[in-house]
Structures are given as structure tokens and as C-alpha cells.
Amino acid sequence: METVKQETLLEIDNLNFSFKTQRGLVRAVRDLSITIKKGETLTLVGESGCGKSVTAHAINQLNPMPPGRVDSGRILFNGIDLLQLKKGEIEKMRGTQISMIFQEPMTALNPVFTVGSQIADVFMTHQGMGKDEAMARAVELFHLVKIPAPERRIHAYPHQLSGGMRQRAMIAMALASPEPGLMIADEPTTALDVTIQAQILDLLGDLKQQIDMSILLITHDMGVVAEMADRVVVMYAGRKVEESDVNSIFNDPRHPYTLGLLNSLPSNPKYKQAKRLEAITGTVPDLLTIGDGCPFANRCAYATDICRSSFPSMSEINKDHSVWCHNHESVKREKAQ
Amino acid sequence: MVKHILKRLVLLLPTILGVVTLVFFMIALAPGDPARVMLGERANAAQIAQLRAELGLDEPLIKQYGLYLSRVVRFDLGKSITSGQQVAEEIGKLFPATIELAFMAMIFASVLGILLGVTSAIKRNTWVDYTTMGGALFGVSMPVFWLGLVLIMIFSVWLDLLPTGGRMNIRYYFTPITNFYVIDGLILLFKEGTAKYLVSAIQHLILPTIALGTIPLAIIARTTRSSMLEVLQQDYIKTARSAGIREKRVIYRYALRNALLPVITVIGIQFGLLLSGAILTETVFSWPGIGKWLYVAIGARDYPSVQGGIIFISVFFVLINLVVDILYSVVNPKIRLQ
């Protein structure tokens, strides 16, 4: 990453988000702060239920509210607090400056309309285009996302396209905005074949070059992180536990959870001798009964008494790398051995 | 698409044959001798034998069935025992009244039902939702004839706003053109420039429409609500919102179009059932349609009329189902392309 001074595009500041359920209050996101600079790709990593998607959906307010609720915090986009916007204003923001692609291309496109008309509808909504012009622009976008025979495919229904094609169509829809600023990609490759995954990631990389947008990429796949990310935020049980530039996270992971994620990668050099894949033992704690300690303590080989009683404050490894762990020094020492 | 419709049309024939067969044997298998039942207990043997010969009842059952089929194919449903008129002709005169009422009731039920269903789905778990769904429960639980009588009592007797029955103000000495009085009213509005026929036809339709349409309305509203709630959870709704599509459009275009699939099925079934509901409604409102006529025919054991009426209603039901099938493929592209 070049060390050019970049402007901040999105700043999530101390966000707390919870869901009211019949069993009690689920604190899905706690004290989360994230910044994304213009032109940057930030990946949000963590396992299912760690609050990645809730965070992403909090940005353009797609979480169901109620039961969801913002307890505190700000989400500044180009300096405007999105949480203070009225409903109509946030609707205008969606699809013009903040767009989104989803995990399941099978279900994320409306089955009863052609893909072309769905994309055209976005143009018509935001830019007041007529139907013909909007369809022509949709064809252009299909070219851009490298869908073969776009003039024909534009009239296809989602079920007539393959998974990869659908995801390309989704990306085209997300690009149907006048000034794409931020694209939120919520596990865009999880439901796809490995070969298609690579193609979609390449496409996203290319598009970012061409269009100059920022990407917030949500994933649980460290392989995707290595491929795409400028910076990485690791989340666990609603908390940010480590944040770093991409090189540092792979070379010098400081949080035991990050270390566990990296150790469970099949491409990890230590599997050259064909040992079993390493898994992180235990399971994610129940967000209902979670206390104020470090949420990873019950699964952590490094946990000490203090871990169970208080969440650690930030420790800066270098200016691009911070970790929230009481024992990050022991993680470092052990790795060195 | 055209091929699909043609295929469905061809498939209609065996269905209708089945209906005719069923109706024929149902009457043939009914205990007792129809001729004896028709003539009453004082008839002598000669009279009965004569009627049996007239009706073809002394032939073997299979031959009777063959004869009946060959007549039905030529739209000859026999003569009514009570009036002596051709059954097919009587039905031809009466069915516009029933169709008009049934269509009105269905439009009333579908439009209002879908609207209420969508509204209570968006306002889920608020007082709007509770009131609508409570009302719907009340609606399905009400017997048609009772609701009809209550409506007459309130709007005709107490408030004196609407007529108690019939299809047209009898003082107008109205001669029907198409027998669809609303259409006739429109024709006269343009031809003679008077709206009084149209207004009277509509006034007479209001109460029977509500009485007949309330149960389907309630069922459609409940189906729409649950279908909408399910569709609103789908990923593609989130996609539409994330693309900044306005909420109204998300609901009425993106969600409703998908939610309508089960609703269309229910509308089709209710439309068919409506015809049996029409028997009660037409009786309560002195509506001169198939329903009331069939009711009288059953009471008089007028077997040719009963058979004809049932065949007619069944064929209508089958046709409605065909329309539903076609609508289905219009709304759902997956069916269209298979």
C-alpha cells in the first residue's frame, strides 16, 4: 500500500448495535470503530455470527429495526452521520453512493423480473432515465462485468443464469450508481465454485482500479483477504480484536484468534508435511450471556485470569497494526520459537 | 406460451367428461326411481312407465349414459321437469346474473383483500395488523346467508339506502340487452344518455357483492399477509433496498409480484367456491341467477335442471382454473419457460 495521505470515506465510530430477542438483548456489535479511506479495500474477517454482516448492514441501515437497535455510535460517510439521516435520505444514499452485493447470488436477485430490468430500475430510480436508456446502460454494465453476449443475457431471468453470472449481474447492479463511492461486498464468493470465486475476485479488483471506489469486503476466508485486502479488521463475537495492514496480519498476527484463523488455512506452510488441518477448539460464546471480558478467552490457549474479567485496551504494534489482547506479547514470543 | 395454453385447453376435455360422467351416475345411483320421485306417491304404474320411457330410464344404464353424452355434446341438457323449458336455454338466460355477481364479488374480495393483506404485513404486529386480521377471522366465520340478512336489515330496512333485492328498479321497465346489467347500463348511458340504469344496477349489486365477497376477502387477505411476510424476508428484497429502490416500489412491485403466486391460487379456488356461495346469496337477495334457480330445482327434484346446473358450474370452475394457470405463468417466469 502506498503511503499517500488518503481521505477518509467512511468512519464507523464506536458503534454499538443490539437485537432485542425473546431471550434477551443480543449485543451483536460492541464498541466497533472502523475507517475506510477512499480507494481502499478493507476486509472484515470473522466467523459466522461475529457481527460482520450486522456492521455492514448498519451502514446503509438494512438491519431489521426493530428488533435491531443502534445503542450508540456514529457512522460518518463523507462527514455525514448516516444514523441521523431521515428514511428518504438514506434511501437516496443507497444505490447512489453506497451499494452492496450479497453472498447468495441464487436468492439475491428477484426471480420474477429479468436481470436487465432490475438493473435498469436502479438507473431509473436515481437518474430519472427512461426505460430504453436505462436498459442500454444495463447492457454497458454487463460488458463491464464481462458477461458474454450481454444484449441477450440482459433479458434473462435469474434462474436462467449460472451462479457466477448471477454474481456478475449483482455486481453490475451495484455499479448502476452515478457516483459509486463504497461497495459493500458481503461474502461475495462464499457460495461460488473455487474457479468462479477467483474470477469474481479478479473482476472486483479490476473494477476498483477502473472506477476508483472503496470496497468493504466481508469474508471468513483468509485466502480472499490475501487476494484483495489493503487493510484487515478481525472481528470476534461483536468486537474488533485486531486491525492491521494486510502484510502485517499474515506475517505478524498478534491476536490468538487471528493466529488460529491463519493456522487453519490449508495453504499454511506447516501443512507441507501433510498433517491434519488445525481447528480452533471450542465454540463461539453465546452473545446473550457474554460478559465484559475478552470473548475469546474460553477458547484461547493464552488466556489468563484478567482475560475473563476485562476486555483489553488497544495495543499498538506499529502505526498500521493494533491488537486488543492482554497477552499479545506471549503470542509473539511463541511464534518466534 | 401459446402452446402452454393450447395444451391446457386440450386437457380441459377429459376433466369436463369426468364431470359429466360423475353427474350422470350420481343421479342414476341415487336411491329410488327418479320417475317415481318426480311423479310423487300417487302416480300409478302406467304413468311411471310412461315417464320412464320418456326419460329413457328403461334402457340399460350404459346406453342411457351414451345417449346423455351425445346430447350434452350438442349442448342439449334436456327439458326442465317443472317449467318444460330447455335447461340449456334457461341457464343461458340466468348465468349472466350469476357471473356478474360473482365477478363483482371477486373483484371486491381480491382488490381489498390484497390491499389489506399487504398493509397488515407491513404494519405487522401493530393495531392495524391486529384489527385487519381480527376482522378477517370474523369475516370467514360468518355464514353468507346471515351476513346477507344483516346487511339488508342495516342498509335497506334501517338506513333505507340500498334495495333489498333484485337486479334493477322494477319501475324502470327495463329490457335487458346482454343480461349483464352493468354492461347494459353502460350501453344505455352512451346510447340514451341516462345513467339511471347503470346506477340502479350498481346499487342492486352492492349488498350481494359484500355478502358473497366477504369470505373470499378474508381468506385472500390472510393469504396475502403471510405470503408477503415470507417474501419480505427474502434476500432480493434486501438487494432492492440496498440499491435504493423506494420502499413503496419495493413493496408493491418487488415483493408483491412474488407474494401473489399463492394468492392467485387462492383467488382461483375461491372463485369456484363462490358459485356455491352464490346459491345462498342469490336466495337471500332474490337475485335471479343460476344459484337461486338451482336451489329451486333441487327442491323440486328437477333432475335435468340439477344435472345441467352442476355441469355448468363445474365447467365454469374448470375454466377459472385454466385462467389461474395462465395467470400463474404470466406472473412466474419459471413456469412460463418450462
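Chain naming here is simple, since letters A, B, ... match the order of the sequence lines and numbering starts at 1 in each. Bear in mind the structure is a predicted one, so any value in this text is a computation, not a measurement.
- Both the backbone and the side chain of Pro111(A) come within contact range of chain B, with heavy atoms under 4.5 Å apart.
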- Query: For Arg241(B) and Glu91(A), what are the C-alpha separation, side-chain angles and deciding distance, and is it a side-chain contact (heavy atoms from CB on, under 4.5 Å)?
  - Reply: CA-CA 8 Å; Arg241(B) 286 188 180 137; Glu91(A) 261 178 14; over 6 Å; no
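- Counting non-hydrogen atoms of neighbouring residues, nucleotides and ligands closer than 6.0 angstrom, the NZ atom of Lys92(A) reaches no more than 12 such neighbours.
- Interface check for chain A: of the options Asp235(B), Ile237(B), Leu261(B), the most heavy-atom pairs under 4.5 Å are formed by Asp235(B).
- For a residue to count as touching a neighbouring chain, one of its non-hydrogen atoms must lie under 4.5 Å from one of that chain's; by this rule Met100(A) touches chain B with backbone and side chain alike.
- Proximity of Phe102(A) to Thr239(B): side-chain heavy atoms (C-beta onward) are separated by under 4.5 Å at one or more points.
- Closest of all the heavy-atom pairs between Met173(A) and Ala243(B) is CE-CB, 4.0 Å.
- Shown here is Tyr252(B), whose OH atom has more than 12 heavy atoms of other residues, nucleotides or ligands within 6.0 Å.
- For Gln127(A), the CD atom counts as densely surrounded, since its 6.0 Å shell holds more than 12 non-hydrogen atoms of other residues, nucleotides or ligands.
- Options Glu247(B), Gln234(B), Arg246(B) differ in how many heavy-atom pairs under 4.5 Å they form with chain A, and the most are formed by Arg246(B).
- Heavy atoms closer than 4.5 Å to chain B are found in both the backbone and the side chain of Thr107(A).
- Residue Gly244(B) comes nearest to Thr125(A) through the heavy atom pair O-CG2, 3.7 Å, listed as atom of the first residue, atom of the second, then distance.
- A pairwise comparison of heavy atoms in Arg253(B) and Ser117(A) identifies NH2-OG, 4.4 Å as the closest pair.
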- Could you walk me through whether Arg257(B) and Phe113(A) pass the side-chain contact (heavy atoms from CB on, under 4.5 Å) test, one step at a time? CA-CA 9 Å; Arg257(B) 179 82 176 261; Phe113(A) 300 110; 3.3 Å; yes
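- Asn110(A) approaches Asn258(B) most closely through the heavy-atom pair OD1-ND2, 2.7 Å.
- Only the side chain of Met170(A) has a heavy atom closer than 4.5 Å to any heavy atom of chain B.
- Pairing each heavy atom of Ser242(B) with each of Leu62(A), the nearest pair is CB-CD1, 3.5 Å.
- If you take NE2 on His159(A) and CG on Asn332(B), they are separated by 8.0 Å, rounding to the nearest 0.5 Å.
- Using a 4.5 Å heavy-atom cutoff, the side chains of Asp121(A) and Tyr254(B) are in contact.
- Heavy atoms closer than 4.5 Å to chain B are found nowhere in Ile90(A), neither backbone nor side chain.
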